[in-house]
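Start at 1 with the first residue, then count along the sequence. Note that ligands are numbered from 1 as they come in the structure, with each ligand's atoms numbered from 1 the same way.
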Amino acid sequence: MAPEHAPSFQSLEQIPVTHLKRVGPRIAERLDRLGIRTVQDLLFHLPVRYQDRTRLVPIRELRVGEDALVEGEVCEANIAVGRRRSLKVWIGDGPIGGILLRFFHFSPQQVTAFKAGARVRCYGEVRQGPNSLEMVHPEYRLQNDASAETESRLTPIYPSTEGLQQSAWRGLMDQALEWLGHLPPADYLSAEILAPLNLPGLVEALHYLHHPPLETSLTDLQERRHPAFLRLAFEELVAHQVSLRRMRTAQRAVMAPVLAGDGDLRQRLRAALPFRLTPAQERVVSEIAADLLQDRPMQRLLQGDVGAGKTIVAALAALQSLEAGRQTALMAPTELLSEQHHRSLSAWLKPLGVEPLWLAGRHKGRERAELLDAIASGQARLAIGTHALFQDDVEFRDLGLVIIDEQHRFGVHQRMKLREKGGQSGGAPHQLIMTATPIPRSLAMTLYADLDLSVIDSLPPGRTPITTVAVSDTRRDEVISRVLKACEQGRQAYWVCTLIEESEVLECQAAEETARQLSERLPGVGVGLVHGRLKAAEREAVMAGFASGELGLLVATTVIEVGVDVPNASLMIIENPERLGLAQLHQLRGRVGRGPVESHCLLLYHAPLSEVAHERLGIIRSTTSGFEIAERDLLLRGAGEVLGTRQTGSVQFRIADPLRDQSLVPAAQRAADLILAHAPESATPLIARWMGHRENYGQV
Ligand code: ADP
Ligand code: MG
């Protein structure tokens, strides 16, 4: 099936992988799992890293942690029966060079093949064993011929799936590259776009990355700074921008209700507030108000650090919708948070004659049916709940606005689905998405190019800074005395128990045990306990007790991460903070520092700390700026993990990294504009090339 015998394929995306040698139904199915169906898909499946098998490393020069190709003579091989049965093979390449190869899975044939004197060439990671250097399960080959050649170029390693070996990938890519020579793929980036960036052409870049020439620097390649990488990363960013823009256009193509109210409710709420909105809040309120007056659905992301005061902004938007005779839905990620919203919004709105409805998981049977009725009949003007609000059986009568709190992870597709919830009076609801995860602007432009962005960039006045210190858990007693002192001074404290081995049950048990111990140790202090497995009514009672000041100490799992708002609480203890990410620590800590007295956060860690944990706690101690923390977090963990895009699948990049490649973003946006304006026919194939077979992606 060499290209010479090619049927009349016009382009690479017409050639199914099954057309390649050694690709039967089983391999095709495995490739399909990775979204690879055509030769073009294959070519755009790029190596994750490279190995250097171009030279043999003398054993005495090996360094722990590095991958290396070594060759030596078997000195001894035997089966060790320790904790785990293993085959141990000692090889040496000179008087002082020796390394141990260790196999946990092996066949009798392997044991006999490693006879003393046999020459072995192997490749693997060098580790420090108890007595010598080791390689565990290296790739190896017994050499008959001592002068076998080394590879002539760096070896690409492909992201793979079960049942596809790297050698199979290399065989496939060799064939695909041959096709590439015959049918160069269309270059959707015109010279006008590419020239100023000084990037290579598509064919050249693909060749380079699949077959990097010998003289390539491994570091350049690994760090993805090479122009060939940038060329493809750039194209991917462009494809992504084009796709988001098309989605945005599609969203704008539907009508939305114009939410023009008389402002009466809003004015009355403002007059009743014990505070004035900050200029930053005023700005975002008017940005949102202007959007709601349009007949196209608002798609706006509201960013504001923990405690920045997003809830009041949401309340004003809800009232604008109410004034215009439309329903509003407010959706929170957890039931606890929805409960908290229900409480604070009820306090604000009931005096105005608006009674928010709360729909929770505990509402079952008749109660649930009645609540659903109130929503469907339009009697409920403001409905608060979790994503359960948008289950199939929930119907709105005339939904004008959906507010989604703390949900930057709410993907494009989930948002698209909300369009259908408008109700009988038609029109897609406006959407406001709120998040306390501050995302640097350039990154936001990449990930949320289909959203408008509003930012509350300052905290309300009168907040006192939080002092954060790390304390070893060997000083637990001192920490308990501090809690006592704070409570004696009329203040309140949180004690947060963190996740143990990802198990909610265990986490709740730990919190129960901690609460029991602390109430023994602190008899005069009312100790409350909240965790995710408590019945909603119990939880509500405890939260109310803490809010009223009746309880001095609230022991909680990380369920209090978002939303809880008790300004008199000025001390927080976080147990095992090393288990949490930066963003989560920041969110948790944001529960204190809301009142006039100085607040403290004690990170009660368990020594020894890993290097990363040490670094994380250092960052948390040194700054309280959510933006700074988010940026450092992004650098530590990478965008995918921080923003949760992998989980939602709403934004996935193959090779671009919106953080690392930030500097390419403005050019990618311009390129997307140019393509949509002057070569709109390229949009669909470009999107297909980069995101084609991923579920729904790019479909509108
Ligand atoms: P977040 O942005 O984290 O959701 P909240 O909306 O919960 O923050 O607000 C945190 C606290 O700040 C609440 O007690 C809220 O009533 C209060 N608050 C909001 N805006 C102001 C303001 N302009 N001045 C004083 N306090 C405010
Ligand atoms: Mg909030």
Side-chain angles (χ1 to χ4, degrees), residues 266 269-286 288 300-319 330-351 356 384-386 403-410 432-439 453-466 492 494 543-544 546-549 558-570 572 583-597 599 624-627 629-630:
R266 279 172 282 171
L269 174 58
R270 281 167 176 275
L273 286 177
F275 53 78
R276 289 172 66 88
L277 296 198
T278 62
Q281 284 171 315
E282 290 293 0
R283 178 168 35 77
V284 304
V285 165
S286 49
I288 293 164
R300 190 170 279 280
L301 181 69
L302 172 59
Q303 283 190 6
D305 204 347
V306 186
K310 295 182 291 293
T311 319
I312 186 64
V313 174
L316 289 168
L319 288 183
L330 171 60
M331 191 166 108
T334 66
E335 203 156 290
L336 183 70
L337 184 53
S338 76
E339 201 176 316
Q340 166 97 23
H341 275 319
H342 183 248
R343 196 172 325 113
S344 39
L345 288 169
S346 297
W348 281 336
L349 302 186
K350 270 191 187 166
I384 300 171
T386 61
I403 302 167
I404 302 156
D405 192 21
E406 302 296 355
Q407 282 290 60
H408 59 276
R409 294 186 178 195
F410 201 72
L432 177 65
I433 295 139
M434 309 201 287
T435 174
T437 304
I439 302 156
L453 190 60
S454 288
V455 183
I456 306 181
D457 50 12
S458 59
L459 294 181
R463 299 284 164 84
T464 42
I466 307 168
Q492 290 166 279
Y494 296 99
M543 290 309 298
F546 191 64
S548 71
T558 49
V559 294
I560 62 152
E561 184 186 338
V562 283
V564 174
D565 185 30
V566 178
N568 189 48
S570 63
M572 171 170 283
Q584 212 180 0
L585 283 168
H586 178 65
Q587 286 270 355
L588 276 171
R589 181 175 58 178
R591 301 305 114 211
V592 293
R594 296 181 162 229
V597 293
S599 291
T624 50
S625 150
F627 262 95
I629 289 170

For atom 6 (O) of ligand 1, tell me which residue out of L273, D405, T311, L337 has the closest non-hydrogen atom.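 The nearest heavy atom belongs to T311.
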
Over all atoms of both residues, closest heavy-atom pair of K310 and D305: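 Result for this residue pair: NZ-O, 3.4 Å.
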
Nearest-0.5 Å distance, CD of residue Q584 to CD1 of residue I629: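 Going from CD on Q584 over to CD1 on I629, the span is 13.0 Å.
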
Hey, what do you get for OG (S458) to CZ (R283), rounding to the nearest 0.5 Å?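 With rounding to 0.5 Å, OG (S458) is 7.5 Å from CZ (R283).
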
Polar proximity ligand 1 side, G304 side, N/O cut 3.5 Å exclusive: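 No: no nitrogen or oxygen of G304 is under 3.5 Å from one in ligand 1.
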
Geometric N/O contact Q281 with ligand 1, under 3.5 angstrom: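 Q281 vs ligand 1: N/O contact under 3.5 Å present.
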
Which ligand 1 atoms are under 4.0 Å away from a heavy-atom of T278?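 It comes down to these atoms of ligand 1: 23 (N).
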
With heavy atoms of V306 as the reference, note each atom of ligand 1 found under 4.0 Å away.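 Here the atoms of ligand 1 in question are 3 (O).
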
For ligand 1, note which part of [X] has a heavy atom under 4.0 Å away: side chain, backbone, both or neither.
X    : result
D305 : backbone
R594 : side chain
L277 : backbone

Please determine which of I433, V284, I288 meets the side chain to side chain contact (heavy atoms under 4.5 Å, CB included) test together with R300.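 Testing each of I433, V284, I288 against R300, the sole residue satisfying side chain to side chain contact (heavy atoms under 4.5 Å, CB included) is I288.
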
Could you give me the CA-CA distance, side-chain angles and deciding distance for R589 and T624, then say whether side-chain contact (heavy atoms from CB on, under 4.5 Å) is met? CA-CA 9 Å; R589 181 175 58 178; T624 50; 4.0 Å; yes

Could you check whether any heavy atom of [X] sits closer than 4.0 Å to an atom of ligand 1, since that is the contact criterion I want to use?
X    : result
R276 : yes
G307 : yes
A436 : no

Test side-chain contact (heavy atoms from CB on, under 4.5 Å) applied to V566 and Y494, step by step: CA-CA 10 Å; V566 178; Y494 296 99; 3.8 Å; yes

Mind checking whether T311 and Q340 have side chains closer than 4.5 Å, heavy atoms only?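 Not in contact.
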
I want to check something: taking the side chain as every heavy atom from C-beta on, are R594 and V306 in contact at a cut-off of under 4.5 Å?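 R594 vs V306: side chains touch.
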
